[in-house]
Amino acid sequence: MQPSHAPSPARATRRRFLASTLAMGAAMGARAWGRETVELPFENGARDLVAYPQKRPLIRLTTRPPQLETPFAVFGEGPITPNDAFFVRYHLAGSPPPREALEGPAFQLAVEGHVQSPLALAVADLARRFDTTSVVAVNQCSGNGRGLFRPRVPGGQMGNGAMGCARWEGVRLADVLKAAGVKPGARHVLLDGLDKPPAPGIPDFVKALDIDQALDPEILLATRMNGEPLPWLNGYPLRVVVPGHYGTYWIKHLHRITVVDADFKGYWMDPAYRIPDDPCAHVEPGTKPRRTVPITRFNVRSFITSVADGSPVPAARTTLLKGIAFDGGSGIREVVVSDDEGRTWRAAELGRDHGRHAFREWSLPWTPPAVGERTLWARATNRLGQSQPIEPLWNPAGYMRNVVEPVKVKVTA
Ligand SMILES: Nc1nc2c(c(=O)[nH]1)N[C@H]1C(S)=C(S)[C@@H](COP(=O)(O)O)O[C@H]1N2
Ligand SMILES: [Mo]
């Protein structure tokens with residue numbers, strides 16, 4: 001069953017909406033800082049650093065809609081990604097919705113469909129009617145690191161800056177659904193943001209959760225991020241937070257929740273955002289999977305953040321290597337580091353635990369054994385015993401990259 005979007009509250013303001021999106025680039029006040037650029041480590045990796053409202057200069061992938069990647073050095077500053085450095089991902093050219101459409105009582109969350117009592121809630125009603133709670137959780141785009149796949153794959157060519165970790169504060173989706181009274185036979189819960197397709201025929205960005213999953217008390221409808229209201233470009237005034245799951249489910253500017261009693265078959269669930277039906281979500285490079293399933297939880301990842309690829313490291317001195325690790329919600333058990341391409345590994349010390357969905361910092365003192373080029377590897381294992389492959393795994397959409405990312409350093413006398 002396809003849900004109808006006809007009675008959308010955004011309809012009435014659609015003309016104004018389209019007009020305003022045309023002027024988006026200028027209206028958003030994006031500033032290129034004397035055309036500062038960065039070079040991501042793959043062909044066609046030159047990107048401008050551009051400051052959008054509430055954002056420091058970030059790596060711009062596209063203008064319409066704005067898609068911004070976090071400069072990797074930010075992850076070395078701590079386990080919480082500052083709001084002004086947090087990455088931005090949108091699908092539809094008219095996104096984000098203009099600020100006026102998101103302010104005050106005009107912005108309402110509708111809860112409707114296969115429920116006993118449909119709700120229309122102002123954002124302020126949420127905190128009044130339901131308990132608030134918070135979680136520190138990583139948001140990561142399915143295509144984080146896609147630009148590094150070989151052979152190359154189509155889609156946004158990102159380095160590893162399409163992730164971030166924040167404290168998200170809000171109410172539980174389960175409580176809101178219970179207040180609306182989910183009817184027996186409910187199958188899917190559809191999540192829709194206020195951004196609308198720019199032209200007929202382009203499917204609205206709607207995601208679906210199975211009803212059982214939607215009732216998981218971990219899933220939040222968040223209004224705050226790191227103690228502040230959500231930035232405009234990260235979903236103001238309300239977004240979904242699905243800890244441990246790829247960002248595609250973290251609907252921004254959430255304005256409609258629809259419970260349906262049939263399987264939802266929207267474009268952004270099928271064919272988009274699907275992975276090979278295989279325990280490692282991969283196929284032979286260059287081939288197509290026979291069966292696919294929707295993408296769900298993060299696999300295990302770790303990164304070295306204290307030294308950048310290609311940077312010099314002094315010989316005969318101890319350098320503190322630092323980094324981060326995370327997984328789909330079991331938590332990190334161990335991070336090991338190798339300076340000899342896997343012949344030997346040493347265990348890093350894990351930093352403070354901010355919860356099993358957060359970036360886990362790690363550190364390890366390292367004295368380079370000799371002058372010359374060295375490749376450093378970090379590899380994490382989660383509490384389920386899952387780890388990271390040394391050889392990259394490939395799939396046609398470039399999702400779920402989690403290979404050990406080598407960092408080459410030049411040890412200098
Ligand atoms: N309304 C809306 N929400 C959305 C999207 C979108 O295009 N529109 N993209 C999703 C995807 S694919 C990702 S990775 C996350 C990114 O969250 P961020 O922009 O806050 O970093 O938002 C998700 N929520
Ligand atoms: Mo994404």
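We count ligands from 1, going down the list as the structure has it; atoms in each ligand are counted the same way.
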Could an N or O of ligand 1 be found under 3.5 Å from any N or O of Ser142, whether backbone or side chain?
-> no

Aromatic centroids of Phe42 and Phe149 separated by under 6.0 Å = no

Geometric N/O contact Trp250 with ligand 1, under 3.5 angstrom = yes

Restricting to pairs with a member in residues 210-222, which pass salt bridge (charged side-chain N to carboxylate O under 4.0 Å, His left out), not counting sequence neighbours?
-> Glu218-Arg356

Just distances here: any N/O of Asn234 and N/O of ligand 1 closer than 3.5 Å?
-> yes

Would one find an N or O of Arg239, backbone or side chain, under 3.5 Å from an N or O of ligand 1?
-> yes

Return the residue, atom name and 0.1 Å-rounded distance of the protein heavy atom closest to atom 21 (O) of ligand 1.
-> Phe87 O, 2.7 Å

Which heavy atom of the protein is the closest neighbour of atom 2 (C) of ligand 1, given with residue, atom name and distance?
-> Asp195 OD2, 3.3 Å

Among Tyr399, Phe298, Tyr273, ring pair (Phe, Tyr, Trp, His ring centres under 6.0 Å) partner for Tyr246 = Phe298

Could you list the atoms of ligand 1 found under 4.0 angstrom from a heavy atom of Cys141?
-> 14 (S)

Which residue and non-hydrogen atom of the protein lie closest to atom 10 (C) of ligand 1, and at what distance in Å?
-> Gly247 O, 3.7 Å

Can you find a heavy atom in the side chain of Gln157 that is under 4.5 Å from one in the side chain of Arg152?
-> yes

Leu92 contact mode with ligand 1 (heavy-atom cut-off under 4.0 Å) = neither

Do ligand 1 and His91 have nitrogen or oxygen atoms that lie under 3.5 Å from each other?
-> yes

Number the atoms of ligand 1 from 1 as they appear, then name those within less than 4.0 Å of a heavy atom of Asn139, with their elements.
-> 16 (C), 17 (O), 18 (P), 20 (O), 21 (O)

How far is atom 19 (O) of ligand 1 from its nearest protein heavy atom, and which residue and atom is that?
-> Lys252 NZ, 2.5 Å

Which heavy-atom pair separates Gln388 from Ala380 by the least distance, and what is that distance?
-> OE1-N, 2.9 Å

Nearest protein heavy-atom contact for atom 5 (C) of ligand 1: which residue, which atom, what distance?
-> Phe205 CE2, 3.5 Å

Sequence neighbours excluded - salt bridge (charged side-chain N to carboxylate O under 4.0 Å, His left out) pairs with any residue from residues 380-398 = Asp353-Arg383

Does any N/O atom on Tyr273 come nearer than 3.5 Å to any N/O atom on ligand 1?
-> no

For ligand 1, find out whether one of its N or O atoms is nearer than 3.5 Å to an N or O atom of Phe86.
-> no

Before accepting this row, confirm whether a basic side-chain N of the pair Asp270/Lys265 lies closer than 4.0 Å to the acidic partner's carboxylate O.
-> no

Taking only Lys NZ, Arg NE, NH1 and NH2, and the carboxylate oxygens of Asp or Glu, determine whether Glu361 and Lys322 approach each other closer than 4.0 Å.
-> no

Which class fits the ring pair Trp250 and Trp168: parallel under 30°, tilted 30 to 60°, perpendicular over 60°?
-> perpendicular

Test item: side-chain donor near acceptor, Asp327 and Gln386, under 3.5 Å = no

